[in-house]
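Note that the coordinates shown come from a computational prediction; the quantities given were computed from them, not determined experimentally.
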Amino acid sequence: MNSYDILRRPVITERSMEAVYDKEGNEIKKYTFEVPQSVNKVEVKKAVEEVFGVTVAKVNTMNVTGKVKRMGRNEGRRPSWKKAIVTLAPGSKTIEFFEV
């Protein structure tokens, strides 16, 4: 699996974009990605460093369970997925993909 397969897509929500900057406008540099459920923190760290050319300080991962959805009287389930929150080192540059 190469680095581009590990980083499936960025998670761009209000909560994840608030993690990039604090209330005073200072950069916290936390970025959120959707990753495959089989990868670990070390693989995510190597992939982000290779793709974006930054230094990663910390990686937090979590499994997100899929929601139960109804379509009429039938009930289905969205797929479960894994989320990785990557914190960059203080001297590292920002990832331009997430700029507001």
Side-chain angles (χ1 to χ4, degrees):
M1 198 181 297
N2 66 15
S3 298
Y4 293 97
D5 292 335
I6 292 175
L7 303 175
R8 287 188 176 162
R9 68 179 182 94
V11 177
I12 300 176
T13 60
E14 287 184 24
R15 186 171 184 180
S16 69
M17 294 310 290
E18 286 176 358
V20 176
Y21 298 98
D22 63 1
K23 293 183 180 178
E24 288 104 29
N26 301 327
E27 290 181 312
I28 302 173
K29 298 182 183 177
K30 284 188 178 182
Y31 302 99
T32 308
F33 296 96
E34 180 182 339
V35 296
Q37 291 185 340
S38 60
V39 300
N40 58 23
K41 294 180 182 186
V42 176
E43 293 172 332
V44 172
K45 178 180 178 178
K46 287 180 183 177
V48 171
E49 288 178 345
E50 181 182 330
V51 171
F52 297 107
V54 295
T55 306
V56 175
K58 183 169 71 168
V59 177
N60 294 355
T61 60
M62 62 189 76
N63 290 313
V64 180
T65 55
K67 293 181 178 180
V68 175
K69 291 291 184 177
R70 293 179 53 94
M71 298 188 196
R73 65 182 183 176
N74 300 324
E75 196 171 85
R77 187 172 200 83
R78 287 186 180 170
S80 298
W81 55 287
K82 191 171 194 176
K83 176 168 50 171
I85 300 173
V86 178
T87 305
L88 300 185
S92 183
K93 65 177 185 172
T94 61
I95 296 177
E96 292 85 18
F97 191 77
F98 286 91
E99 288 184 2
V100 181

Would you be so kind as to tabulate the donor-acceptor pairs closer than 3.5 Å made by side chains of residues 80-87, with sequence neighbours excluded?
residue: S80; atom: OG; partner: G66; partner atom: N; Å: 3.2
residue: K82; atom: NZ; partner: V39; partner atom: O; Å: 2.7

side-chain contact (heavy atoms from CB on, under 4.5 Å) partners for N2, two or more places apart
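For N2 the side-chain contact (heavy atoms from CB on, under 4.5 Å) partners, ignoring immediate neighbours, are Y4, D5.
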Return the set of residues passing side-chain contact (heavy atoms from CB on, under 4.5 Å) with E14 (not counting sequence neighbours), or none when no residue passes.
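Residues passing side-chain contact (heavy atoms from CB on, under 4.5 Å) with E14: none at all.
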What pairs meet the side-chain hydrogen bond (donor to acceptor under 3.5 Å, both in side chains) rule with one or both residues in residues 34-53, with sequence neighbours excluded?
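Every side-chain hydrogen bond (donor to acceptor under 3.5 Å, both in side chains) pair that includes a residue of residues 34-53, provided the two are not neighbours, is S3-E50, R9-E34.
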Return the minimal non-hydrogen interatomic distance between R8 and V35, and the atom names on each side.
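Where R8 meets V35 most closely, the heavy atoms are NH1-O, 4.3 Å.
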Just wondering, more than 12 heavy atoms not from [X] lying within 6.0 Å of its [atom1]?
X	atom1	answer
K29	NZ	yes
R77	CZ	yes
M71	CE	no

Got a list of side-chain donor-acceptor pairs under 3.5 Å for residues 51-60, not counting sequence neighbours?
none

Flag side-chain contact, heavy atom, 4.5 Å: V48 against F33:
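Answer yes - side chains close enough.
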What residues, two or more places apart in sequence or in another chain, satisfy side-chain hydrogen bond (donor to acceptor under 3.5 Å, both in side chains) together with T65?
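Per chain and number, T65 pairs via side-chain hydrogen bond (donor to acceptor under 3.5 Å, both in side chains) with no residue.
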Do any N or O atoms from the side chain of S16 and from the backbone of T13 form a donor-acceptor pair under 3.5 angstrom?
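Flag set: sc S16 to bb T13 pair under 3.5 Å.
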